Amino acid sequence: FYLRRVIRSPRAEKVKVEFGFEGRIGAWCNGNSLFFRPDAPVRSDAVVVGTADLKAGENVVLVKLAPTVPNATLTES
C-alpha cells in the first residue's frame with residue numbers, strides 16, 4: 001500500500017515525523033528517505049521516528065506499507 005500526501009509549509013523547516021504501524025514501513029519526503037523499516041516490529045505499538053526537511057511551499061510525503069502477513073516484503077524504492 002502507498003499513501004501520498006502534499007504538505008504545504010510557509011517556510012523551510014525541519015520537522016519531526018512519527019508513524020505507528022504494525023508491519024513494514026518506509027517513508028520519503030520530497031524523494032529523501034525519512035526512515036525505512038523492512039522488518040515487522042516486535043510490538044504492535046511500535047513507533048518509527050524521523051525528521052523531514054520541508055521546503056517553503058509544497059512538499060510530497062510518500063509512505064509505503066507492507067502489512068504483517070506471510071510472505072509480504074518491503075523493498076526500498
Side-chain angles (χ1 to χ4, degrees):
F1 302 100
Y2 284 92
L3 304 168
R4 182 183 179 275
R5 178 75 178 180
V6 174
I7 298 173
R8 290 174 182 79
S9 179
R11 63 189 173 285
E13 61 183 315
K14 186 174 289 238
V15 296
K16 181 179 178 181
V17 180
E18 294 184 12
F19 286 93
F21 180 70
E22 188 175 347
R24 299 160 186 90
I25 185 171
W28 298 264
C29 180
N30 298 326
N32 298 312
S33 180
L34 300 177
F35 46 79
F36 183 71
R37 187 182 68 202
D39 299 316
V42 206
R43 302 175 2 208
S44 63
D45 62 345
V47 174
V48 287
V49 179
T51 56
D53 292 314
L54 298 181
K55 60 184 182 182
E58 291 190 349
N59 297 272
V60 176
V61 175
L62 181 67
V63 179
K64 184 177 184 181
L65 306 172
T68 306
V69 295
N71 301 319
T73 60
L74 180 67
T75 57
E76 190 166 13
S77 56

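Every value quoted in this text rests on a predicted model; they were computed, and no experiment measured them.
Looking only at side-chain heavy atoms (C-beta outward), V49 and K16 come within less than 4.5 Å of each other.
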Given side-chain contact (heavy atoms from CB on, under 4.5 Å), test V15 with T51 step by step and report yes or no. CA-CA 6 Å; V15 296; T51 56; over 6 Å; no
Should F35 and I25 be marked as a side-chain contact (heavy atoms from CB on, under 4.5 Å) after you check the CA-CA gap, both sets of side-chain angles, and the distance that decides it? CA-CA 8 Å; F35 46 79; I25 185 171; 4.1 Å; yes
Determine whether D53 and C29 satisfy the following criterion, side-chain contact (heavy atoms from CB on, under 4.5 Å), listing intermediate values before the conclusion. CA-CA 8 Å; D53 292 314; C29 180; over 6 Å; no
side-chain contact (heavy atoms from CB on, under 4.5 Å), that's the test. Do W28 and L34 meet it? Break it down for me. CA-CA 5 Å; W28 298 264; L34 300 177; 5.6 Å; no
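Using a distance-only test at 3.5 Å, with no hydrogens or angles considered, a donor-acceptor pair links the side chain of N30 to the main chain of V60. For N59 (side chain) and I7 (main-chain N/O), a donor-acceptor pair under 3.5 Å exists by modelled atom type.
Here L62 contributes atom CG and R5 contributes atom CZ; the two are 13.5 Å apart, rounded to the nearest 0.5 Å.
Under the 4.5 Å side-chain heavy-atom criterion for grouping Ile, Leu, Val, Met, Phe, Trp and Tyr, V6 is not connected to V61 through any hydrophobic cluster.
Listed here is the closest heavy atom pair of E58 and K55: O-CE, 2.9 Å.
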